[in-house]
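Letters A, B, ... mirror the listed sequences (proteins, then strands); counts begin at 1. These numbers were taken from a predicted model, which means no experiment stands behind them.
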Amino acid sequence: MTKMSAGMKLAVVAFAVMLAGCETKPPPAPPAAPPPAPVATPAPSIVPGSAEDLRVNVGDTVHFDYNKSAVLEGDKATLQRQATWLAKYPSVRVTIEGNCDERGTREYNLALGARRANAVKEYLNSLGVSAARIDTISYGKERPICSESTESCWAQNRRAVTVIASGASS
Amino acid sequence: MRKLTPTLLAALAAVLGMLVPAFAALKVDVNQANIQPLPIAIPDFVPVTPADVAAGQNIAKVVRADLDRSGLFKPLDPKSFIDKVTNINIAPNFSDWRIITAQGLVTGSVAMQSDGRLRVDFRLWDIYGEEQMLGLQYFTQPANWRRIAHMISDAIYQRITGETGYFDTRIVFISESGPPLARKKRLAVMDEDGANPTFLTNGSYLVLTPRFNPTAQMIAYMSYIGRKPAVYLFDLESGRQEKLGDFPNMTFSPRFSPDGNKVVMSLEKGGNSDIYVMDLRTRAVTRLTYDPGIDTSPSYSPDGKQITFESDRGGTQQIYVMNADGSNQHRISFGAGRNGTPVWSPRGDLIAFTKITSGSFRIGVMRPDGSGERILSDGWEDEGPTWAPNGRVLMFTRTIEGGRGSQIWSIDVTGRNERRVATPGDASDPAWSPLIQ
């Protein structure tokens, strides 16, 4: 998600709308409409210091190995960007949401999600972000973003997401 | 069938043509892995006035369903009955019941009293011994007829198996609805047979892992209300919800002590989860574990002297036991894979748990010293067992592969009689009440 262009995002939205449309009973098929041509409108500008800025331009999510809570090498650059961004917007406070895949028992995953959120908090803190600006919450396995029982889905669900609690520009 | 009369056992042996010294093969012993369900006839209860017909049918229907669900009895089809019971105060035609292979017979009557209460009488007959084994009478408000039916089932179960029943009990659980990526979870209670479901929260915030106190009046559970996950108490009588204590971080995985005066739970601090106990009268909090591993899922032994819990302090999620003051913490699970969610049986003899091996989650039991491990269920993801108050049946959450939701299932501690529990829609995290007083 971190490098997704605005154009791609629009395309994704259009696709989602089409899918949603398909779920209701379609009327008798009209002649197939040509797919909408890609529109080259400029991306709506993202407000610097906003939640969208953090999500799109910085990257709000890091992932974990199964049953593990260590920050992965490949995610350290994302957390470095988060730390730099938080230094630039000192009034922003964040909550780190720790999540797990479905392949763990409920209570253990609540504890594991807390471990993951805290691992991100400690890493950001080591990069100079004050711990007082960072809250954590664990959702265990209760907030998946992918519902298939496959390794690729589970990998997506094992994540910590940095969300703005207060102080964002809008 | 410890409590069956020698006469009945002799008659059964004669009918089956078996020469069985001490009648060993004819016991309905709930401990045995393979038993033949006992054929039992339960005609509709006799209405004393025409206004009592429906109550008589309804009560008999619930008793039949209870005994059938136990797996220990085979209620016979009322269409096969030859003898018609019209007066429960005279002995039945035993030979008519033997013809349809009934070994037990339940007769009952229902009468609305002039004071507005329902009077229910029933008798349990030994068809081969040709004698009454049990006769009881109940008075209740008509709206309570289901409880009377369950109490009759419990009395029959106890008379014939020698074990306390579990039909007059309730289940607290999490009701689930909505798409896989936006599940709505509500706190709910229902009767053990799925009747009378009641929703206690509205689904606007996440709730998890509810457990009854010993009087079944109070529920400890975890709530995300206000996005501050913490253990709460729900008082069923007043409907009042109360956050338990004021901790800076997440509290979770609560469970009452056997005397109901304490709640043991996990508290997370700085990413590490340890086990604490709070005295509900003084609100004093005592920390029980101190290691840097995850410590959670605490559950008291029925005498309140020990606590079983899970910890990954040794590298993987495993089951431990400690004294109630936190001393003598020692690991008891050493088999393959990971083991979690230990729950001590109300009888004290076993600990039920979730066993995780190469991609499968199953319910198992072991002795409190870790010996005698047996795996009971075989789902794709079964977890979180809860015991019937007699320690003979377990319920648990079964998650269906592919984001297709969760169900509650039950299984006997023998590994027999695995069946889905009736719930209003998807459901998870069941906790069994004690027998209702």
Side-chain angles (χ1 to χ4, degrees), chain A residues 16 19-20 23 64 66-71 95-125 131-132 134-151 153-154 156-157 160 163 165-166, chain B residues 174 179-183 185 206-209 222 224 227-229 249-254 265-266 268-274 292-298 309-312 316-317 338-341 353-354 356 359-361 380-384 397 399-406 428-429:
Chain A
L19 277 180
E23 282 174 12
F64 299 89
Y66 181 59
N67 256 342
K68 297 285 192 278
S69 56
V71 172
T95 301
I96 316 289
E97 300 177 343
N99 291 275
C100 305
D101 64 35
E102 63 180 336
R103 297 304 265 169
T105 49
R106 196 173 318 285
E107 294 94 327
Y108 187 84
N109 275 359
L110 288 170
L112 181 59
R115 243 186 203 168
R116 286 174 176 166
N118 197 69
V120 169
K121 175 178 176 169
E122 284 184 353
Y123 196 81
L124 289 174
N125 186 231
I134 309 172
D135 273 334
T136 59
I137 188 170
S138 172
Y139 285 107
K141 59 176 171 179
E142 309 303 321
R143 289 286 179 265
I145 54 170
C146 184
S147 66
E148 289 158 40
S149 297
T150 59
E151 184 43 56
C153 255
W154 294 333
Q156 291 176 58
N157 290 333
V163 300
S166 65
Chain B
I174 299 299
L181 299 184
R183 289 299 258 183
K185 293 200 172 191
L206 179 63
V207 286
L208 300 170
T209 61
M222 188 199 188
Y224 278 71
R227 296 192 177 207
K228 293 283 177 198
N249 299 72
M250 173 171 75
T251 48
F252 62 108
S253 194
M265 58 190 164
S266 285
E268 177 261 326
K269 272 185 189 168
N272 180 38
S273 298
D274 278 298
I294 287 173
D295 294 331
T296 190
S297 293
F309 63 102
E310 64 174 59
S311 176
D312 67 359
T316 60
Q317 185 183 5
R338 292 177 284 142
N339 300 279
T341 77
F353 62 99
T354 306
I356 306 165
S360 83
F361 287 59
W380 178 75
E381 187 164 293
D382 296 344
E383 68 171 303
T397 302
T399 300
I400 310 300
E401 192 173 0
R404 287 180 292 133
S406 292
S428 55
D429 291 5

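Atom CD of B/Q317 and atom CG of A/L112 lie 9.5 Å apart (nearest 0.5 Å). The structure places CG of A/N118 at 13.0 Å from NZ of B/K269, a figure rounded to the nearest 0.5 Å.
Heavy-atom distances place no part of B/T316 under 4.5 Å from chain A, backbone and side chain included. Heavy atoms closer than 4.5 Å to chain B are found in both the backbone and the side chain of A/S138. Looking at A/C146, the atoms closer than 4.5 Å to chain B (heavy atoms on both sides) all sit in the backbone: N, CA, C or O. Residue A/R116 does not touch chain B at all, counting heavy-atom pairs closer than 4.5 Å. Proximity to chain A (any heavy atom under 4.5 Å) is restricted, for B/P292, to the backbone atoms N, CA, C and O. Using a 4.5 Å cut-off between heavy atoms, B/I294 touches chain A through backbone and side chain atoms alike. Heavy atoms closer than 4.5 Å to chain B are found in both the backbone and the side chain of A/E107. Of the two parts of B/S266, neither the backbone nor the side chain holds a non-hydrogen atom closer than 4.5 Å to a non-hydrogen atom of chain A. Of the atoms belonging to B/E401, heavy atoms from both backbone and side chain fall under 4.5 Å from chain A. Contact of B/E381 with chain A is made through backbone and side chain together, with heavy-atom distances under 4.5 Å. Heavy atoms closer than 4.5 Å to chain B are found nowhere in A/A117, neither backbone nor side chain. For a residue to count as touching a neighbouring chain, one of its non-hydrogen atoms must lie under 4.5 Å from one of that chain's; by this rule B/S360 touches chain A with the backbone only.
When all heavy atoms of B/W380 and A/S149 are compared, the pair lying nearest together is CH2-OG, 3.3 Å. Nearest heavy atom pair, residue B/K185 against residue A/R106, reads NZ-NH1, 3.4 Å. Across A/G104 and B/F361, no two heavy atoms sit closer than the pair N-CZ, 3.6 Å.
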From CA spacing to verdict: side chain to side chain contact (heavy atoms under 4.5 Å, CB included), B/L208, A/L110: CA-CA 10 Å; B/L208 300 170; A/L110 288 170; 4.1 Å; yes
Which is it for B/I356 and A/T105 under the side chain to side chain contact (heavy atoms under 4.5 Å, CB included) test, yes or no, and what are the steps along the way? CA-CA 9 Å; B/I356 306 165; A/T105 49; 4.2 Å; yes
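Chain A forms more heavy-atom pairs under 4.5 Å with one residue of B/N249, B/T354, B/T397, B/D312 than with any other, namely B/D312. Ranked by non-hydrogen atom pairs under 4.5 Å with chain A, the options B/G384, B/A182, B/G359 are led by B/G359. Most heavy-atom pairs under 4.5 Å with chain A, from the set B/G402, B/S273, B/G403, B/S428: that is B/G402. Interface check for chain A: of the options B/R338, B/K228, B/R404, B/M250, the most heavy-atom pairs under 4.5 Å are formed by B/R338. For chain A, the option among B/P179, B/P180, B/P229, B/G270 with the highest count of heavy-atom pairs below 4.5 Å is B/G270.
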